[in-house]
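Just so we're clear, the structure is a prediction, and the values are computed from it rather than from any experiment. Here is the naming used below: chain letters follow the sequence lines, and residue numbers restart at 1 for every chain.
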Amino acid sequence: MSCETLPGFRACYPENGTRRSYIFEHWRTAAESFNFQEYDAPVLEPLELYIEKSGEEIVGQLFHFEDRGGRSVALRPEMTPSLARLVGAKANSLKRPIKWFNIGEHYRYERPQKGRLRAFYQFNADILGEAGALADAELIALLVQTLESFGLGAGDFKVRLSDRDLWLLLLAAEGMDAENSATVLGIIDKMERNSREKTLELLAGVLGDSAEAFMETVASVVAIRGFAELEQYFKALPLEGALLETAKSRLADWRVLLDALEHSGAASFVEIDLGIVRGLAYYTGFVFEAFEATGEGRALAGGGRYDDLVGKLCGQSMPAVGFAMGDVTLGDLLEKKSLLEVAEPTPDFVLVIGGPAERAQALKDAASLRAAGYCVEYPLKEVAFGKQFKDANQRGARFAIIYGSEELESGISKVRDLEAGKETDYPRADLVELAESLFGEGLQ
RNA sequence: GUGGCUGUAGCUCAGUUGGUUAGAGCACCGGAUUGUGAUUCCGGGGGUCGCGGGUUCGAGUCCCGUUAGCCACCCCA
């Protein structure tokens, strides 16, 4: 029997548990302030759920096995398919817009490395049933507020905003069909990581001799950072008829989105960057990723619109937009910025117990203080007084209440303020009331 | 799936050209201290030197394999 944790998994000792709760609380608080409702779904799902969405090649990156009933099952690698299933099943009875969030563990069978493990927590937030750009804006605003709530500022992170629809327009203007467009989007997605030569080689596979000229076009589009510039670029494209109308309405969507972001205060974190495409084919419109401001590291969060996915999985068509934020990259960044120095919880009261005879009263008082919500600690065996005080101090307790023969005989509660090093005797009375005044006005 | 670097106590690390019984600090437990605090002093438990094999009279040390961690590829929902 080995005591080691499986590769890519983390054991959660109490000090890590405190940090984990800290992150989860911020996620939950942010989501609830936007009136998102919490949902959950099974950790184990039918393998087909993921194959249908992403194809057979995904299987190698899943924890999957056959259960005793002969079903092929997999631990969830992401939340979106489960969400689509849940929403699709009740599509007609859910009030829209559907604004849901989840915090849960996900599993991917990959080689662990910096910012990536085999088991990790994700914060997922999605809006379903609303196709307008204001929904996208709401999610980006939530993403920004969530990161800000940890104390991260404009110098720490940025959200890179892009649009697959604009890319498809551009490619259509180049005369490219749907299949080639998908391939080329995949190449653009990897452009940042690949060398110029590699990209050119990949593009030549689709475009032949015009690859080099096309790459220049892409480079100039990816360099665009301002909306005026973006608008100008697309207005200048040689589009006609339906494509021209699509371009006009898409630029109008952009204005709605950017306007909303401006007013909600998220705009200063958002940067137009068409270099973001996102690997998955199911994204249909605006896509975005949050990164550390320096550009280092993996994405802190990623998301976008997926208007066709619910329909594809459930036959019930439903526009949707969402994002996911992982705890690993975020935790690394918070650690680096010293924003994860979360204090361990400490007891409000430590009861110092003189001996077996005094323990009865101490246990009774502990029960009422605990019922009132105070954190109370006392020794679980008979220990010398001096040691008990030393221990109370080491545990960071706020107050000690002394249960000795003298106190019980004279009917007093002796309370010691461990921070101030002062003691006061109180007439024995309702301890909960006394506790309120101790935390209100301090030791009298 | 591929490659590079690293594995000595719970943690951070010493450990001589290969040479007796592998050490320190921190942490933990106990004592000095039978009614009052972070200091101090004393003591204690903890190690298959990642694992397996090889070279050698002798391996923590050298060689090979393997495993885990980190890092970079692949991939990234």
Side-chain angles (χ1 to χ4, degrees), chain A residues 2-11 13 15 45 49-55 57-63 74-84 106-118 120 122 124 126 186 189-190 192-195 198 276-283 287 289 296-304 306 309 313 322-326 328-329 332 350-356 358 381-409 414-423:
Chain A
S2 162
C3 285
E4 284 170 15
T5 305
L6 250 20
F9 284 73
R10 292 168 289 181
Y13 284 87
E15 63 269 27
E45 291 274 19
L49 183 63
Y50 304 111
I51 294 178
E52 274 174 33
K53 183 188 153 195
S54 310
E57 68 275 14
I58 210 77
V59 174
Q61 292 164 49
L62 292 176
F63 276 93
L75 289 171
R76 62 184 182 201
E78 60 165 328
M79 205 61 196
T80 310
S82 300
L83 170 65
H106 295 76
Y107 310 87
R108 295 178 191 173
Y109 197 86
E110 297 176 296
R111 183 168 292 243
Q113 56 185 276
K114 190 174 181 59
R116 186 162 75 180
L117 299 172
R118 286 181 173 178
F120 51 93
Q122 266 192 356
N124 274 262
D126 295 84
D189 181 45
K190 291 183 175 54
E192 206 167 297
R193 296 190 289 267
N194 284 339
S195 68
K198 178 75 180 171
I276 297 291
V277 178
R278 306 229 358 114
L280 276 193
Y282 68 69
Y283 284 107
V287 288
E289 290 184 352
E296 298 168 70
R298 295 172 181 282
L300 294 162
Y306 51 98
L309 184 67
L313 282 178
F323 74 79
M325 179 183 298
V328 182
T329 314
D332 286 349
V350 163
L351 310 187
V352 173
I353 301 173
E358 290 78 26
K381 62 180 181 184
E382 304 310 325
V383 179
F385 258 69
K387 199 161 272 300
Q388 291 191 53
F389 280 102
K390 193 170 182 173
D391 189 62
N393 184 59
Q394 282 177 352
R395 288 177 193 279
R398 184 69 182 80
F399 295 105
I401 305 178
I402 292 97
Y403 292 82
S405 52
E406 294 166 19
E407 286 77 11
L408 293 192
E409 276 162 25
K414 188 190 278 290
V415 178
R416 185 173 180 84
D417 183 327
L418 289 164
E419 286 174 16
K422 288 181 195 157
E423 271 176 14

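Across the P atoms, B:rG25 and B:rA68 are found 35 Å apart, a figure rounded to whole Å. With C1' as the reference atom, B:rG46 and B:rC41 are 22 Å apart, rounded to whole Å. Nucleotides B:rG19 and B:rU56, compared at atom C1', are 12 Å apart to the nearest Å. Comparing B:rU2 with B:rC62, their C1' atoms are spaced 28 Å from each other, to the whole Å. Taking atom C1' on both nucleotides, B:rU21 is separated from B:rG47 by 14 Å, rounded to a whole Å. Comparing the P positions of B:rC76 and B:rG4 gives a spacing of 25 Å, expressed to the nearest Å. Nucleotides B:rU48 and B:rG60 have their P atoms positioned 14 Å apart, rounded to a whole Å. Separating the C1' atom of B:rG44 from that of B:rA27 is a span of 14 Å, rounded to the nearest Å.
Checked by atom type and distance alone, the side chain of A:E407 pairs as donor or acceptor with a backbone atom of A:G404 at under 3.5 Å. The main-chain N or O of A:R278 is never found under 3.5 Å from a side-chain atom of A:E289 such that the two would form a donor-acceptor pair. Of the possible polar contacts, one joining the A:R108 side chain to the A:P77 backbone as a donor-acceptor pair under 3.5 Å is found.
Among all heavy-atom pairs drawn from A:A400 and A:V352, the shortest one is CB-CG2, 4.2 Å.
Closest to the side chain of A:P7, from the set B:rC74, B:rG69, B:rA77, is B:rG69. In this structure, the nucleotide among B:rA77, B:rC76, B:rG35 sitting nearest to the side chain of A:E406 is B:rG35. Distance from the side chain of A:R193 is smallest to B:rC76 among B:rG31, B:rA77, B:rC76. Taking only side-chain atoms of A:Q113, from C-beta outward, the nucleotide of B:rC73, B:rA77, B:rC75 with the closest atom is B:rC73.
Nucleic acid contact class of A:G8 (heavy atoms, under 4.0 Å, all strands): sugar-phosphate only. A:S405 comes within contact range of at least one nucleobase, with a heavy-atom separation under 4.0 Å.
With sequence neighbours excluded, the residues that form a ring-ring contact (aromatic ring centres under 6.0 Å, His included) with A:F63 are A:F9, A:Y109. Under the rule for a side chain to side chain donor-acceptor pair (under 3.5 Å), the partners of A:S82 that lie at least two apart in sequence or sit in another chain are A:E45.
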Nucleotide pairing, RNA chain B (Watson-Crick or G-U, distances under 3.5 Å), in dot-bracket with [ ] and |: (((((((..((((.....[...)))).(((((.......))))).....(((((..]....))))))))))))....
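Nearest-nucleotide mapping onto RNA chain B: of A:R108 and A:K381, the residue sitting toward the 5' end is A:K381.
Side-chain atoms of A:Q61 come within donor-acceptor range of the base of B:rA77, with a qualifying N/O pair under 3.5 Å.
A close approach under 4.0 Å does not occur between any side-chain nitrogen or oxygen of A:K190 and OP1 or OP2 of B:rC74.
Separating the CG atom in A:L6 from the CG atom in A:L117 is a distance of 12.5 Å, to the nearest 0.5 Å. Note: A:E423 CD to A:D417 CG = 10.0 Å, rounded to the nearest 0.5 Å.
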Stepwise side chain to side chain contact (heavy atoms under 4.5 Å, CB included) test for A:Q113 and A:R298: CA-CA 11 Å; A:Q113 56 185 276; A:R298 295 172 181 282; 2.9 Å; yes
Each nucleotide N or O in nucleotides 6-12 of chain B that has a protein N or O under 3.5 Å away: list the pair and distance.
none

Any protein N or O atoms within reach of nucleotides 2-4 of chain B? Criterion: under 3.5 Å, listing atom names and distances.
| residue | atom | partner | partner atom | Å |
| --- | --- | --- | --- | --- |
| B:rU2 | O4 | A:R111 | NE | 3.2 |

Nucleotides 36-52 of chain B: protein proximity per nucleotide (B base, S sugar-phosphate only, - neither; heavy atom, under 4.0 Å): BBB--------------
